[in-house]
Amino acid sequence: MSTAPGTSTPSSASAARAEAGHGIVESGRFRARQVAEVLRPGDADEVVRIVRDTARRAASGAHSPLHPVSTGFNWGLGSGSPVADGATVLDLSRLDRVRAIDLRAGYAVVEPGVTQGELAGRLDGSERMLNLTGASQHTSVLGNILERGVGLHRGRAEDLAGLELVLADGTFTRCGWWPDERSATVQPHCRGPSLNHVFTQSAMAVATAAVVRLLPRPDEVRVLPLTFAESELPAAVDVLRTWTAQRLIPATTKIYNLVAARTYGVRARLRRPGSRDRWLVHICLTGDAGLVAAQSRLVAERAAGHGSPFVAAPPHTADEQVHRAYAGLPDPDDTLFRRKTGCCARCLDTARGLLMFLPVVPFLGSAVARAAELIATALEGRTAAPGVTMNVLDADTIDHVVTLGFPPRDARAVGDAHRTLDRLHRAFVAEGHQPYRPDIDHPLPRPHGVLRQRIGRVLDPDGVFARGRF
Ligand SMILES: Cc1cc2nc3c(=O)[nH]c(=O)nc-3n(C[C@H](O)[C@H](O)[C@H](O)COP(=O)(O)OP(=O)(O)OC[C@H]3O[C@@H](n4cnc5c(N)ncnc54)[C@H](O)[C@@H]3O)c2cc1C
């Protein structure tokens, strides 16, 4: 493995890890893929040159396909690793400029290396905020958008307004909405065919920048913590669904099983010996202070009502750090992430064993209870009880983040965790619950459907880009 001549010192952890071994060391402990090279361009022009050069060699079939990553922190799904051996990792973390911020119109133009912590910091004190995710502050805004990740206020796909792209033949182009070309109002779908999402979950181009929509900063952010007994899971989910459908609460609620709720101090203070496991719910209310106060009162009344599965949880279970995350505020110490993982973003891939399984399930008590059964019965060997976080996406849909932790240097534990992951895939897919983001060992089957195949053939006929997970 080598680095491209002319590129400077590695700036991202993924690239450093790729150099240290001869495969990328990542937290999932998937089979280490051999990478041919790690290239670290410093600007979009250099990306164009690399892609053109690869395209020339691809025409004669003698090339190593490009696997672009932004910061490569896609933990649990393969981090910065490609699906197949022999790819060249195109590490874009040196493209790290915030090119523009327009507070009035509500957008920022960012390059792949811009982290969510940095952009949140640039917006601190302004009338706008970034839709942060629950991952590290060091993850890429653009990388997560291309992955169609889940932010605390909405799916990250909804934050995307426009993309700057280098296509497989080296063409430098844009799609979606850009401030200098079109109407003064941010309109991600513009007029005519809407193209942005041809390039999310895609691997059909390199993105060198994105226009990212910013949320108006709310006057008030209040996170209400509730708990319920594990045995009440179906009832609690059905009540939350009704509250969401009737707009008593927004579609941003998170539900944590006991393992995941430990991050918020549930185990330490709520669980008594002999008591049943309690799950934690975070309901986030934002906006006008009077409205938030009224909504909070209503939710508290309903939660305390006769027959309710909920009990109000103490304030420490939704502490200041949780409020700051929903408020889009920077967390330079990555406090919440460190609490969740027990280590920092730069050491997670080497220090921790972690796999993720991300199925989407109907927002129904019966479906969520069935998902909990499937998870419990999939556990193989010594695999520890997983953390489960559920994100409400809308009144009909709830995604599950199932996190399998294991000691990364214990071969048996690694094998058990991977067998558990395989079983989870089989069990959920058999019941129609597909993961919305797969890992490098479970890529989607080759593109099917005539339209998808045609688009692939037109955009990248010679396979300049490495096979992705999608
Ligand atoms: C404790 C914890 C909490 C987490 N919470 C969340 C959460 O709340 N929401 C969430 O969504 N995820 C979460 N994650 C998962 C994950 O860490 C994030 O999704 C992370 O943002 C992805 O890594 P990245 O930003 O470095 O993107 P990258 O790894 O750089 O990119 C992701 C993928 O996008 C493609 N890609 C990236 N950049 C480019 C480019 N410039 N051009 C073309 N293709 C590109 C590649 O396929 C790449 O594999 C969490 C993980 C942990 C450990």
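Small disclaimer: the values here were computed from a predicted structure and weren't measured. Order of appearance sets the numbers: ligands from 1, and atoms from 1 within every ligand.
Of all protein heavy atoms, the one lying nearest to atom 28 (P) of ligand 1 is Gly72 N, 3.6 Å. Looking at atom 52 (C) of ligand 1, its nearest protein heavy atom turns out to be Met356 CE, 3.5 Å. Ranking the protein heavy atoms by distance from atom 50 (C) of ligand 1 puts Ala135 CB, 3.5 Å first. The protein heavy atom nearest to atom 36 (N) of ligand 1 is Pro68 O, 3.7 Å. For atom 12 (N) of ligand 1, the closest non-hydrogen atom on the protein side is Arg437 NH1, 3.6 Å. When only non-hydrogen protein atoms are considered, atom 30 (O) of ligand 1 lies nearest to Ser70 N, 2.7 Å. Atom 44 (N) of ligand 1 has Leu146 CD1, 3.6 Å as its closest protein atom, hydrogens excluded (heavy atom only). Closest protein heavy atom to atom 18 (C) of ligand 1: Asn144 ND2, 3.6 Å.
Residue contacts with ligand 1, taken as heavy atom pairs separated by less than 4.0 Å, do not involve Arg156 at all. Residue Thr341 touches ligand 1 through its side chain alone, judged by heavy-atom distances below 4.0 Å. The part of Leu92 lying near ligand 1 is the side chain, judged by heavy-atom distances below 4.0 Å. Only the backbone of Ala205 comes within 4.0 Å of ligand 1, judged by heavy-atom distances.
No salt bridge links Arg419 with Asp422; every basic N to acidic carboxylate O contact stays at or beyond 4.0 Å. Salt bridge Glu147/Arg437: present, at least one basic N to carboxylate O contact under 4.0 Å. Ion pairing of Glu164 with Arg99 is present here, as a side-chain N (NZ or NE/NH1/NH2) and a carboxylate O approach within less than 4.0 Å. Between Arg49 and Asp45 there is no salt bridge, since no side-chain N of the basic residue sits under 4.0 Å from a carboxylate O of the acidic one. Classification of Asp43 and Arg94 as a salt-bridged pair fails, no side-chain N sitting under 4.0 Å from a carboxylate O. Contact check on Asp441 versus Arg33 returns a salt bridge, with a Lys/Arg side-chain nitrogen under 4.0 Å from an Asp/Glu carboxylate oxygen.
Residue Phe73 has at least one N or O atom closer than 3.5 Å to an N or O atom of ligand 1. Residue contacts with ligand 1: Ser79 is placed with no nitrogen or oxygen under 3.5 Å of a nitrogen or oxygen of the ligand (distance criterion only). For ligand 1, the polar-atom distance check against Tyr436 finds no nitrogen or oxygen pair separated by under 3.5 Å. When only interatomic distances are considered, the shortest N/O to N/O separation between Leu348 and ligand 1 does not fall below 3.5 Å. Any N or O atom pair closer than 3.5 Å counts here, and Leu142 shares no such pair with ligand 1.
Between atom 25 (O) of ligand 1 and the options Gly113, Gly143, Ser202, Ser140, the minimum heavy-atom separation is to Ser140.
Taking the six-membered ring wherever Trp is involved, the centroid distance between the rings of His425 and Phe357 falls below 6.0 Å. Aromatic pair His282/Tyr256: centroids less than 6.0 angstrom apart.
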Walk me through whether Asp410 and Arg29 qualify under salt bridge (Lys or Arg N to Asp or Glu O under 4.0 Å).
CA-CA 11 Å; Asp410 176 340; Arg29 295 300 186 270; over 6 Å; no
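Close approach to Glu147 involves these atoms of ligand 1, each under 4.0 Å from a residue heavy atom: 32 (C), 33 (C), 34 (O). Every atom of ligand 1 with a heavy atom of Gly134 under 4.0 Å away is listed here by number and element: 3 (C), 4 (C), 5 (N), 7 (C), 8 (O). Atoms of ligand 1 lying under 4.0 Å from at least one heavy atom of Trp75, given by number and element, are 17 (O), 53 (C). Near Arg469, the atoms of ligand 1 lying under 4.0 angstrom from a non-hydrogen atom of the residue are 33 (C), 47 (O), 49 (O). Those atoms of ligand 1 with a heavy atom of Gly149 less than 4.0 angstrom away are 11 (O).
Checking side-chain atoms of Gln116 against main-chain N and O of Ser136 turns up a donor-acceptor pair under 3.5 Å. Arg352 places a side-chain N or O within 3.5 Å of a backbone atom of Thr341 that can act as its donor or acceptor partner. When atom types are taken as modelled, the side chain of His153 and the backbone of Tyr326 share a donor-acceptor pair closer than 3.5 angstrom. When atom types are taken as modelled, the side chain of Asn257 and the backbone of Val388 share a donor-acceptor pair closer than 3.5 angstrom.
Among Thr88, Val35, Asp85, the single residue meeting the side chain to side chain contact (heavy atoms under 4.5 Å, CB included) criterion with Ser64 is Thr88.
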